[in-house]
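Chain letters run A, B, ... following the sequence lines, proteins first and then strands; every chain starts at 1. Since the structure is predicted, the reported quantities are computational estimates derived from the model, not experimental observations.
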Amino acid sequence: MSSSPQSPPSTNTSSEEAQVLLRREKAQALRERGLAPFGNGLAVPDTTGDVRRAHGSQSPEELAAETRTYAIAGRVIELRRMGKLAFLRLYDRDGDLQVMVRKDAVGPAFDLIVESLLDRGDIVRAAGRPIRTKTGELSLEATELSVLTKALRPLPEKWHGLADVELRYRRRYVDLFTTPGVRDVFLKRARMIRAIRGFLDGRGYVEVETPTLHEQAGGAAARPFSTHHNALDLDLNLRIATELHLKRLVVGGLERVYEIGRIFRNEGIDRRHNPEFTSIELYQAHATYLDLMELTEALFKALALYVTDQTTVTYQGTAIDFLPPYPRVSMVGAVGQHYAEALGFAPPARDDASGWLDLLAAHRDEIHRDLLTQAGAKKEMGLTEAEAMNPRSLGELIAVAFELYGEPQLDPTRPTFVVDFPLEVSPLARKRDADERLVDRFELYVAGMELANAFSELNDPDDQRARFRAQVEAAKKGDEEAMPYDEDFIRALEHGMPPTAGEGIGIDRLCMVFTDAASIRDVILFPLLRPEEKTSGG
RNA sequence: GGGCCGCUAGCUCAAUGGUAGAGCAAUGGCCUUUUAAGCCAUUGGUUGUGGGUUCGAGCCCCACGCGGCUCACCA
């Protein structure tokens, strides 16, 4: 174009600001020649994958005989220009494909290349015949080429991409098409969730959606987020679990229900925790927690096969075998055995959960003292000096002791069911018939993470009322995670809930295991981050 | 919240307390078979922010911000 011979005062072409300005000018140049830089309505009937699948195995000679043409579109992730020839790599939902643009073949559209109106990052449509280049790569030889969307911002460096994890999370839209493997993680996540739905739907489950806005956030031990509804002038909490609504639905006759949904817990953030996360909770009438163990084993094996084609999944360098049956570890037994060895107690005559529980009950004070000497455990129990005089329940001591001594002992190469939970840490679970100090509950641990929590549900309304009261008492004593008393839930139980077992599974952690993600933020598209500091003033 | 580490050009990274650099990207030029294309040239910086020490600070000290790991809490 007839630019002035004098270069403009600012010759800066490298700063982001300058690059954006230049790309805006290019967008304007496109407009001036009747090409819409943000157009719409051009048909894109094919994908890069269509071309690959149809012609990927054809020889150059066979391809030369092909008459069929394709029209594909995607982001330009590579751009190599050399005079009257250019190669682009287009990236679409189906993968990527090289497009060869020859001046002779594409005609006037080659101006886009010559005048550099086309940049890396633009969304481009190309139509033409499949060919094989001199180096043998399947490509589309463009006879049509147009810019569908002009990208105004430059792409990150092409070889390293975005390496700064903070930038990757904040600009996931760039990360997704820039960082290898990122898109696959989220495609895999979507496939896993679909597989879970298929698995449960095939077993007669109904998927439902229950409220996320709760007057009282119950169903789990956690602190909620609070919010407010203006029209009703109503203080509300974001849900911390779907449990109590789903059990109401079982009362209502939906004997097999599940919900996949977002849960919000006002807790810290680390590699395994994001304040909002996705859970699936499922409830099955006329089942026990033992039935859910089998269901869990079948589900996890199916997922492993579905996602990786194998029953063994490597997570962070450790091969985990998902072939059932999974080992079971008694929480009470593991803690009992630890103390029998560490403090020299004689093992119980009965080598079962009740026997070990008897032993632990007999040595409760010594165990309490031991936990108090563990600085971490002391903090974990939230004990102040005064509270140390008023020890918590045996069940809570056992749960803490298991975290301390039991969890590290679990076999890292196997998913493991932890069973024999104390009643006091399970306010919604049914008492065990054989020993009412225990509940019929399991947690599934994989790679040191708690992936699932399940139990035979408490359906005795009077017992549930007593459990809620105990929670209220705990809250009075300062337990900020104690459950509120839910009168309507009691009423529902009074209408009669069939014998039921229920389970919750952390979808994000499940995805971590099956995508080998070290951090939960790698399987959440937009993990919660602090807002970026405003650069202007403070 | 505690501890450790990081923050330098659009991106990826260098730089004994002594003139802030490279590669990629960008801009101009050459090039009809490239694969992170190549060659020549050019441009690009309030070194996260604010203080302090010093003749002199990207570097040392303090505070703060954001992030990562870790401990704690939870799923």
Side-chain angles (χ1 to χ4, degrees), chain A residues 3 7-8 10-23 25 77-89 98-106 110 113 116 119-121 131-137 139 141 153-171 174 178 220-223 240-241 263 265-275 277-279 281 375-382 403 443-445 449-453 480-481 504-510 512 518-521 527 529-538:
Chain A
S3 56
S7 50
S10 170
T11 50
N12 176 357
T13 59
S14 292
S15 73
E16 181 167 39
E17 201 182 346
Q19 290 192 47
V20 169
L21 200 65
L22 272 160
R23 284 166 176 247
E25 286 167 3
I77 54 172
E78 291 175 16
L79 173 57
R80 289 181 284 275
R81 297 190 301 162
M82 50 209 75
K84 301 187 178 63
L85 174 71
F87 291 95
L88 326 177
R89 185 167 303 282
Q98 178 170 272
V99 175
M100 184 170 83
V101 186
R102 286 195 308 125
K103 184 176 199 272
D104 293 345
V106 82
F110 202 75
I113 306 289
S116 195
D119 290 302
R120 239 173 108 245
I131 56 148
R132 226 168 252 291
T133 61
K134 198 172 268 182
T135 54
E137 177 164 350
S139 309
E141 186 179 37
R153 287 184 183 274
L155 258 49
E157 201 254 4
K158 64 182 172 187
W159 184 239
H160 299 92
L162 278 185
D164 182 337
V165 291
E166 178 180 357
L167 267 186
R168 289 187 41 224
Y169 297 149
R170 290 194 194 278
R171 307 202 188 148
V174 175
T178 294
R223 298 167 64 183
I240 58 172
I263 301 296
R265 295 188 182 173
N266 212 333
E267 304 283 353
I269 298 174
D270 65 23
R271 215 176 63 232
R272 299 184 189 82
H273 298 86
N274 194 62
F277 63 100
T278 302
S279 81
E281 286 191 36
K378 187 173 182 177
K379 248 185 142 179
E380 193 165 340
M381 288 189 294
E403 278 183 44
E443 284 186 347
L444 181 66
Y445 282 79
M449 292 189 289
E450 187 189 329
L451 278 201
N453 177 25
E480 291 179 313
E481 298 184 340
I505 302 172
I507 297 285
D508 312 273
R509 289 181 175 181
L510 193 61
M512 288 173 66
S519 168
I520 198 168
R521 292 183 215 91
L529 298 174
R530 281 198 170 86
E532 281 183 277
E533 196 184 5
K534 299 278 195 301
T535 41
S536 57

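- Evaluation of the side chain to side chain contact (heavy atoms under 4.5 Å, CB included) rule for A:L22 yields A:T13, A:E25 as partners, not counting sequence neighbours.
- Closest to the side chain of A:I520, out of B:rA75, B:rG68, B:rU33, is B:rA75.
- Between A:I131 atom CD1 and B:rU34 atom P there is a gap of 12 Å when expressed in whole angstrom units.
- Computed from coordinates, the A:L88 CG to B:rA37 P distance equals 12 Å when rounded to whole Å.
- Rounding to whole angstrom units, CZ of residue A:R271 and C1' of B:rA75 are separated by 14 Å.
- If you check B:rC60 for Watson-Crick or wobble pairing at under 3.5 angstrom, you find it paired to B:rG52.
- Atom name C1', nucleotides B:rU46 and B:rC55: the rounded distance is 22 Å, in whole Å.
- Proximity of a side-chain donor or acceptor of A:N453 to a complementary backbone N or O of A:E443 within less than 3.5 Å is not detected.
- Between A:D270 atom CG and B:rG67 atom C1' the separation is 15 Å, expressed in whole Å.
- Distances shorter than 4.0 Å separate none of the side-chain N or O atoms of A:R80 from OP1 or OP2 on B:rU34.
- B:rC59 and B:rG6 have their P atoms separated by 13 Å, given to the nearest Å.
- In terms of modelled atom types and a separation under 3.5 Å, the side chain of A:Q98 and the main chain of A:R89 share no donor-acceptor contact.
- Rounded to whole angstrom, the span from the CZ atom of A:R170 across to the P atom of B:rG65 amounts to 14 Å.
- Contact annotation: A:R530 side-chain N/O to B:rC66 OP1/OP2 distance is under 4.0 Å.
- In this structure, A:R272 contributes its side chain and A:R509 its backbone to no donor-acceptor pair below 3.5 Å.
- When the C1' atom is used for both B:rG18 and B:rA57, the distance is 10 Å, rounded to whole Å.
- Comparing A:E443 and A:I269 by the nucleotide of RNA chain B whose heavy atom lies nearest to each, the residue mapping closer to the 5' end is A:I269.
- No engagement by A:I505 is indicated, since no non-hydrogen atom pair under 4.0 Å with the nucleic acid exists.
- Under a 4.0 Å N-O distance rule, the pair A:E78/A:K158 does not qualify as a salt bridge.
- If you take atom C1' in B:rC13 and the same atom in B:rG52, they sit 30 Å apart, rounded to whole Å.
- Between the C1' atoms of B:rA25 and B:rU42, the separation comes to 14 Å (whole Å).
- Look at CG on A:D164: it is 10 Å from C1' on B:rC11, rounded to the nearest Å.
- Among the atoms of the strands shown, base atoms are found under 4.0 Å from some heavy atom of A:Q98.
- Whole-Å rounding puts the A:E141 CD to B:rU34 C1' distance at 14 Å.
- Residue-nucleotide stacking is present for A:F277 and B:rA75, judged by a side-chain ring centre under 5.5 Å from the six-membered base ring centre and planes under 30° apart.
- B:rG48 sits 16 Å from B:rU16 when the P atoms are compared, rounded to a whole Å.
- The side chain of A:N12 has B:rU43 as its nearest neighbour among B:rC66, B:rU43, B:rC69.
- B:rC30 and B:rC66: their C1' atoms are spaced 45 Å apart (whole Å).
- Side-chain nitrogen and oxygen atoms of A:R521 include at least one within less than 4.0 Å of the OP1 or OP2 phosphate oxygen of B:rG68.
- When atom types are taken as modelled, the side chain of A:R132 and the backbone of A:E137 share no donor-acceptor pair closer than 3.5 angstrom.
- Among the heavy atoms of the strands lying under 4.0 Å from A:G161 are primed sugar atoms or P, OP1, OP2 only; no base atom is included.
- By the neighbour-count criterion of 12 heavy atoms within 6.0 Å, atom CZ of A:R170 is densely surrounded, having more than that number from other residues, nucleotides or ligands.
- The separation between A:E17 atom CD and B:rG10 atom P is 10 Å, rounded to whole Å.
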Under 4.0 Å protein heavy-atom contact, by nucleotide of nucleotides 23-32 of chain B - B base, S sugar-phosphate only: BBBBS---BB
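- In this structure, B:rG44 forms no base pair with any nucleotide, since neither Watson-Crick nor G-U wobble geometry is met with both distances under 3.5 Å.
- Checking B:rC30 for Watson-Crick or G-U wobble geometry (two distances, each under 3.5 Å) identifies B:rG38 as its partner.
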Is there any protein nitrogen or oxygen under 3.5 Å from a nitrogen or oxygen in nucleotides 6-8 of chain B, and what are the pairs?
none

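- B:rG23 and B:rC11 make up a base pair, with Watson-Crick or G-U wobble contacts both under 3.5 Å.
- Pair assignment for B:rG6: B:rC66, on the basis of Watson-Crick or G-U wobble contacts that are both within less than 3.5 Å.
- Side-chain proximity of A:M100 to B:rU34, B:rU33, B:rC69: nearest is B:rU33.
- A:R265 places a side-chain N or O within 3.5 Å of a backbone atom of A:I240 that can act as its donor or acceptor partner.
- Looking at A:R223, its side chain never comes within 3.5 Å of a backbone N or O of A:E480 through a donor-acceptor pair.
- A gap of 14 Å separates the C1' atoms of B:rG45 and B:rU19, to the nearest Å.
- A:R89 comes within contact range of at least one nucleobase, with a heavy-atom separation under 4.0 Å.
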